[in-house]
Amino acid sequence: MVKKSPLKFFLLSLLLIAIDQSSKLLVHFNMEPGFAGQIRLVGDWLKLHYVLNPGMAFGMQLGHEYGKLLLSLFRLVAMAGIGWYLVHLAHRGAPNGLLWAMAMILAGAVGNVIDSTFYGVFLDNAPYGSTTPWFHGQVIDMVFVDVWEGFLPEWIPIWGGQYYSTPIFNIADSCIFVGVCIILFFQRRFFREQHEEDGLLPDDLSPDTASVLPASEFDETTPTDSDATEKDPDPVSTDDPQSSPQRPRNSPEDSPHGL
């Protein structure tokens, strides 16, 4: 197992976080929200569309009074957990592809945590009626891949009959989505390489770290008495005339009449 430094993977996370926050601030200070400020990038299907997302990724929300606060706290815990797991994988010598994917997921988590924690205070975009602007900031979304919009069928639970369009997301959401897809698509390769790495001998072999295999690990075993009995059920050879007494022929005992 060859340990790796997690520094370069954290640097990728920092770069993606900087891109995510820069794009959000540019949109906030230079675009009008909604359709009024929409900008077409590629035809009618790829647009910049400024919206505020009070909930989870891709516009989903938690319908609860404290849903936003719980979501923000969950994001903080998830961010810390992902960061710790990235360091853990690097120290175990995990494949680089897995580490890059984890760095992307970490960047997405941190990017949205910044929005939820601080935007309600510094950008004053907390929803109306929030108990505190802290941890109630709304996430800025702007990437709109407009491939479908319309009313959902009535038979769909909860959302049936409502008008929906393709979700609008941001760079942080994209990082999480791409990172998770990479892990799912290449999980067999990643974890096979990890298994092979774990099977290698350590690099710092020394007399102090050497160990002696227990006797039970040896293939050669001493034969037992039962094995010897099975191999040679009659240890006394009958070919040796001196090994077994023989009565002379025509002895009185052989005759039915005695003499």
Side-chain angles (χ1 to χ4, degrees), residues 9-41 46-86 101-146 159 162-180:
F9 306 105
F10 280 116
L11 290 177
L12 173 65
S13 295
L14 290 175
L15 176 61
L16 294 176
I17 292 169
I19 295 174
D20 172 69
Q21 292 298 307
S22 298
S23 64
K24 291 173 179 176
L25 294 177
L26 286 172
V27 166
H28 175 75
F29 290 109
N30 295 281
M31 288 183 62
E32 292 292 331
F35 288 97
Q38 181 173 272
I39 300 175
R40 289 181 172 86
L41 297 179
L46 181 59
K47 309 170 184 177
L48 286 179
H49 189 101
Y50 178 16
V51 295
L52 293 176
N53 173 16
M56 296 180 288
F58 301 110
M60 295 182 288
Q61 301 183 31
L62 294 175
H64 191 273
E65 181 180 359
Y66 298 101
K68 178 63 177 179
L69 179 60
L70 294 174
L71 178 61
S72 298
L73 295 177
F74 171 78
R75 282 172 169 165
L76 284 171
V77 175
M79 178 188 69
I82 295 170
W84 173 87
Y85 191 55
L86 176 58
M102 291 300 302
M104 296 180 67
I105 296 174
L106 177 62
V110 174
N112 285 332
V113 163
I114 293 174
D115 298 19
S116 299
T117 305
F118 302 109
Y119 278 12
V121 178
F122 296 110
L123 300 184
D124 194 23
N125 70 355
Y128 177 77
S130 299
T131 56
T132 173
W134 292 101
F135 301 104
H136 283 81
Q138 300 188 77
V139 177
I140 296 177
D141 292 334
M142 79 292 291
V143 182
F144 185 20
V145 182
D146 189 5
W159 299 285
Q162 300 184 33
Y163 178 83
Y164 277 92
S165 65
T166 307
I168 303 174
F169 52 95
N170 54 42
I171 304 298
D173 298 333
S174 302
C175 290
I176 296 174
F177 180 77
V178 173
V180 171

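The analysis underlying the following values was restricted to heavy atoms, covering all of them including side chains, and did not include hydrogens, waters or symmetry mates.
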(message) Within a 6.0 Å radius of atom CD on Q162, are there more than 12 heavy atoms belonging to other residues, nucleotides or ligands?
(response) yes
(request) Write down the atom of S116, the atom of V139, and the distance for their closest heavy-atom approach. (result) OG-CG2, 4.1 Å
(request) Apply the test side chain to side chain contact (heavy atoms under 4.5 Å, CB included) to residues V110 and L16: give CA-CA distance (whole Å), side-chain angles for both, the deciding distance (0.1 Å), then the verdict. (result) CA-CA 10 Å; V110 174; L16 294 176; over 6 Å; no
(request) First locate atom CG of N170, then atom CG of N112, and finally report the distance between them rounded to the nearest 0.5 Å. (result) 5.0 Å
(request) Let me see the working for N53 and Q138 under side chain to side chain contact (heavy atoms under 4.5 Å, CB included), right down to the final yes or no. (result) CA-CA 5 Å; N53 173 16; Q138 300 188 77; over 6 Å; no
(request) Please report the closest heavy-atom contact between S23 and I171, naming both atoms and the distance. (result) OG-CG1, 3.7 Å
(request) Kindly give the heavy-atom pair with the smallest separation between A107 and I17, and that separation in Å. (result) O-CG1, 3.7 Å
(message) Give me the atom names and distance for the closest heavy-atom approach of G137 to N125.
(response) CA-OD1, 3.6 Å
(message) I'd like to check M79 versus L106 (side-chain heavy atoms, cut-off strictly below 4.5 Å). Are they in contact?
(response) yes
(request) Enter the distance from F118:CZ to Q21:CD here, rounded to the nearest 0.5 Å. (result) 10.0 Å
(request) To the nearest 0.5 angstrom, please state how far the CZ atom of F9 sits from the CE atom of M102. (result) 11.5 Å
(request) Rounded to the nearest 0.5 Å, what's the gap from NE2 on H28 to CD1 on I140? Could you check? (result) 6.0 Å
(message) For P167 versus F144, what's the shortest heavy-atom pair and its separation?
(response) O-CD1, 4.4 Å
(message) Quick one, Y119 with D124, criterion side chain to side chain contact (heavy atoms under 4.5 Å, CB included). Give me CA distance, side-chain angles, the key distance, then yes/no.
(response) CA-CA 6 Å; Y119 278 12; D124 194 23; over 6 Å; no
(request) Grab the two heavy atoms, one from A101 and one from G179, that are nearest each other, plus how far apart they are. (result) CB-O, 3.6 Å
(request) Look up atom OH in Y50 and atom NZ in K24, then write down how far apart they are to the nearest 0.5 Å. (result) 11.0 Å
(request) Return yes if some donor-acceptor pair links the side-chain N/O of T117 with the main-chain N/O of F135 below 3.5 Å, else return no. (result) no
(request) Using atom types as modelled and distance alone, determine if a side-chain donor or acceptor of T132 lies under 3.5 Å from a backbone N or O of W134. (result) yes
(request) Flag the pair L25 / L123 as yes when at least one side-chain heavy-atom distance between them is below 4.5 Å, and no otherwise. (result) yes
(message) Working to the nearest 0.5 angstrom, can you tell me the gap between T166 OG1 and F169 CZ?
(response) 9.5 Å
(request) Check the pair V180 / I105 against side chain to side chain contact (heavy atoms under 4.5 Å, CB included), numbers first and verdict last. (result) CA-CA 7 Å; V180 171; I105 296 174; 3.9 Å; yes
